[in-house]
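Only one structure is covered here, and it is reproduced in the block below.
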Amino acid sequence: MPNVFAPQVFFIVFREVLEAVIIVSVLLSFLKQCLGQPDQDQKIYKRLVRQVWFGSLSGVFLCLVIGGIFIGVFYGVGKDIWSQSEDLWEGIFYLIATIIITVMGLALLRINKMKEKWRLKIAHALVDKAKHHNAKSWLGAWGKRNALFILPFITTMREGVEAVVFVGGVSLGLPATEFPLPVITGLLAGLFVGYLIYRGGNVLSIQLFLIASTSVLYLIAAGMFSKAVWSLQFHVFALRVGSDVAEEGNGPGSYDILESVWHVNCCNPETDNGWDVFNALLGWQNSATYGSVISYNIYWIAIMVAISCLLYEERTGSLPLKKQTLATLAKVPGLKRWAKKKQAISAEERAEIVRQGEAHLAGGAFLEAENSEEEDDRPAEK
Amino acid sequence: MAIIPHTALWAAIVLLFSTLCTAKTVTYDFNVTWVTANPDGLMERKVIGVNNQWPLPVIEVEKGDQLVVNMHNGLGDKNASIHFHGMYQNGTNEMDGPIMVTQCPIPPGADFVYNFTVNQNGTYWYHCHADYCYPDGYRQALIVHDTESYFYDQYEEEFTVTVSDWYHELVEGIAPDFLSVYNPTGAEPIPQAFLFNDTLNTNLVVKPNTTYLIRLINIGAFVAQYFYIEDHTFTIVEIDGIYTEPTEADTLYIAIAQRYAILLTTKNTTDKNYPIVTVADSALLDTIPSDLRLNLTNWLEYNADADHPQAVMTVDDATDLVPYDDFTLTPYDKMPLLPEPDYTLELSVNMEILGNGEGYALLNNISYTAAKVPTIFSVMSSGSLATNELVYGEFTHPIVLEHNDVVQVILNNNDGGSHPFHLHGHAFQVIDRTPSYGASFYSYVDGDPVPYNASNHTAFPAYPARRDTFVLPPQGHFVIRFVADNPGVWMFHCHIDWHLSQGLGMLFIEAPTQMQERLNIPQNHYDVCKTGGIPSEGNAAANTMDYLDLKGQNTQVGWLPGGFTARGVVALVFSCVSAVIGIAFLVVYGLSDLKFKGREEEGMGEGGKVGGKGVGKATVMEASRENSGEEVK
């Protein structure tokens, strides 16, 4: 078990795969609704479905190539630098990993909302494609014709590269041997759950599974945050002690008694088999400091506050002062674009986008582009 | 520097006090002040000088002399005292010198008179016995000349040679880094240099074919040194003031505070000068900085014009040198092995980290912690309770000895370092030591410590060597015997000053009843206590009402917690609770996602039906109603 399975890697791969699967499934269901009805042309529908699959798979393939290069370079270049002051780097890497997991983890619990979001995004993209591409240029025509290839290709590639970067981020301090197993299992689990969602399996049990895995993910993240603080503190301690700190093993002198909350002379996750699992999953340390204990608790309190805010926002539509703040920020020249984006668009706009997207698809904007250029104007008029 | 004859001073004293009388009074006035010195040529530093001079004057007396040292503490910022190392002080326990044991610390500005009769011969030294004091330079040789020694007519001239380690910083500046949570191994501070007669590159000027008496003293704070002279052997005639049967040797191991007197007969030629080699025992050093010179060369100078060659090292490591085993020496007086002990004390040396994270030294789990009242005053003021060990507190580690008992001390070393143990007020018989000097001296370091086994030990020597400072081998043991015939409070401690500051010491309260009868402590001693604000009566907790009530005594730092303490449990429970509540939040958040699922299916379904016709506006609007907070990227 030790050194072959990094749970945080598993969860990140799982999460990104799930998101990619959802994108593909949203696209497929769009197609099915607009073109896949029994009274419609099955040939066109099947061609477009093929395009979607082809696009997603090539996206996945490309991201695997990029990811391989990324990780290879990363381990080739970095390892020597980091092994020199292990605790410092470990602290920094764990901190990065905690931030990544924390920011992306909650989305796992919003799988249905995520679908909704992607529906909107894809519709938006379809409208964009249909409207703005100059069909007179060769590239524009090609892009339009193959929109259902490009869209999944870009999105799966983006999710994939994101996964690679995140996996790299959370595992900066890990040996390379800990990668393959969690990546493969995460991939399979993500595909499996994604398939279940697409098939519309038992909604509640899927959701329970996602809740359970998110809980584990946050347990890991809390442990990593605590461990990050611990490592940074230990780095400072080890710097002052010098090389002697390694001589002390688990016993007295191997930790800073002035900072210690508890210390048991056993169960060291780095040296005693079995305890590294507790360390990875729950952040167990045989030597806890004020810093590590307080940071662990603060982490959970921060999660509780964040969830409360999200729930409040979902319920009331906005956080207190959010509109005011964004309105103020929108007046600042540099931040205008960003604030505009953040300002919630109305339900009407939203519905309009989705409707337009569906209309373009159903209207065959991406099918007949090669046949007649005049048809370009038709969707645009709507 | 090489010769320290001090003939001028000697002559003056001889003139001042009658030459006819064998027992004269020798008086030294010591105004102790800060001066600067640069003995190693590497750095000028502040040192403790006497009468604005450093190196300090060698005290020279003859057996039977009354030695008076009028000390004035002119340091201004530091307590001080003088211990006359090796002096038995029989009847004058209060002149022994260790602060908080036989006297109060002498505060800045105060005067103190040391006055006692020297009833012994040989090579001794004196040094400050206050906290963080003598390694700052306050140490020098004390020679008791003897015209009646059995070897007196065998030598022409005598030399005194001191060897020492040397730090560039004041002890009080080094100590905080040593006794620190950041020094978990208890690694002793590494000296910056080693000195030979408080300097370097000196000559002992000799004539050919002549015999000299050389007195060797390690006046350092930490590091033992090997001593040999290239191409010469010599004869050991004295150790720690005890004359021995003349014994030929070529190499000596002089631990801190140990002394040897040797007879050296020079060669019958003057072509060459020979290196006198001193090699620091690197086994004691945790790290060896590249710029630290471990071996020094000084010269036996036959011919000032000839070459002064540097020593050629024959070994890679100092521990490969094989010194003469002092255990095998026989005292010249052939004092036989003391009879079976009336009292046996078995002690173990441990170095451990206590509750504040700092390293301490423990004898039977007690780290010596001075009492609030110098223990001698507790003896003098406690009346009939003086024989009760309770009076002296738990952490001075007091052992009350009956007058004239034969005492045996077994010292087992659970530590991987060697420790030169010194007993005040006595020269003790050394009757067992395992492992012995030589190739096997470090042989127990890698295994478990080997304690003394009373039913299985090598036969005790018939005429055991006697000394006052004896080296305890790493993870080995030694056994010593002495007669408790010297009423007083005598400290037994490791003479490595760093280890003493870690508490590697204890007290023998020897014949307290006889102490009360015989000691007559001068008023001056009480006055010094008053000046320094230190009580001079009461038990270890300075309680004068109830001598058995030790509430408020000085205690050693508590033990390191072995596992979970109350705060650890609270912290763990809090962490678990916050994790559980946090997960509960996640579950609530996760379950509330199901509402999107329901709406989405509804929206998708209806949108699907009408989407193709492009008129599903109202339905899609409904589907997106709840998502109004969502942003579009």
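Values below: all heavy atoms of this structure, side chains included; hydrogens, waters and symmetry mates excluded. Sequence lines set the chain letters: A, B, ... in the order given, protein chains first and strands last, and positions in each chain run from 1.
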Applying a criterion of heavy atom separation less than 4.5 Å, what residues of residues 169-176 of chain B form contacts with chain A?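 Answer by number: none.
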For residues 214-225 of chain A, pull every pair meeting side chain to side chain donor-acceptor pair (under 3.5 Å), keeping only residues two or more places apart or in separate chains.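 Residue pairs with at least one partner in residues 214-225 of chain A: there are none.
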Quick check for you: among B:Leu586, B:Ile583, B:Val587, B:Val181, which has the greatest number of heavy-atom pairs under 4.5 Å with chain A?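 Among the listed options, the one with the most contacts to chain A is B:Leu586.
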Should B:Asp177 and B:Asn183 be marked as a side-chain contact (heavy atoms from CB on, under 4.5 Å) after you check the CA-CA gap, both sets of side-chain angles, and the distance that decides it? CA-CA 7 Å; B:Asp177 289 333; B:Asn183 182 20; over 6 Å; no
Is [X] close to chain A through its backbone or its side chain, or both, or neither, when contacts mean heavy atoms under 4.5 Å?
X	value
B:Leu572	both
B:Val588	side chain
B:Thr565	side chain

Would you confirm whether [X], through its side chain, and [Y], through its main-chain N or O, come within 3.5 Å as a donor-acceptor pair?
X	Y	value
B:Asp317	B:Thr319	yes
B:Gln475	B:Asp446	no
B:Asp415	B:Val349	no
A:Glu259	A:Gln233	no
B:Asn413	B:Gly417	yes

With a 4.5 angstrom heavy-atom cut-off, which part of A:Leu219 approaches chain B: side chain, backbone, both or neither?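 Side chain only.
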Region of A:Leu208 that comes under 4.5 Å of a non-hydrogen atom in chain B: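 For A:Leu208, the side chain is the part near chain B, not the backbone.
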For chain B, which candidate among A:Leu239, A:Val261, A:Ile301 shows the most heavy-atom pairs at distances under 4.5 Å?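 So the answer, after comparing A:Leu239, A:Val261, A:Ile301, is A:Val261.
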Contact leader toward chain B among A:Ala302, A:Ser260, A:Ala222, where contacts are heavy-atom pairs under 4.5 Å: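 Top option by heavy-atom pairs under 4.5 Å: A:Ser260.
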Do B:Thr369 and B:Gln556 get their side chains close enough for a donor-acceptor pair, meaning under 3.5 Å?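 No, no side-chain donor-acceptor pair sits under 3.5 Å.
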Taking CZ in B:Phe574 as the centre, count heavy atoms belonging to other residues, nucleotides or ligands within less than 6.0 Å. Is the count above 12?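 For B:Phe574, atom CZ is not crowded (no more than 12 foreign heavy atoms under 6.0 Å).
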Given the rule in the side-chain contact (heavy atoms from CB on, under 4.5 Å) test, do B:Leu294 and B:Ile288 qualify, once you have shown the distances and angles that lead to the verdict? CA-CA 9 Å; B:Leu294 292 172; B:Ile288 300 170; 3.9 Å; yes
Working to the nearest 0.5 Å, report the span between CG of B:Leu472 and CG of B:Asn412.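 One gets 8.0 Å once the value is rounded to the nearest 0.5 Å.
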For A:Ser287, all residues meeting side chain to side chain donor-acceptor pair (under 3.5 Å), sequence neighbours excluded: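 A:Ser287: side chain to side chain donor-acceptor pair (under 3.5 Å) contacts with A:His263.
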Ring centroid separation for B:Tyr360 and B:Trp498, is it under 6.0 angstrom?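 B:Tyr360 vs B:Trp498: aromatic centres not under 6.0 Å.
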Using only non-hydrogen atoms and a strict under-4.5 angstrom cutoff, which residues of residues 290-299 of chain A touch chain B?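 Result: A:Tyr290, A:Val293, A:Tyr296, A:Asn297.
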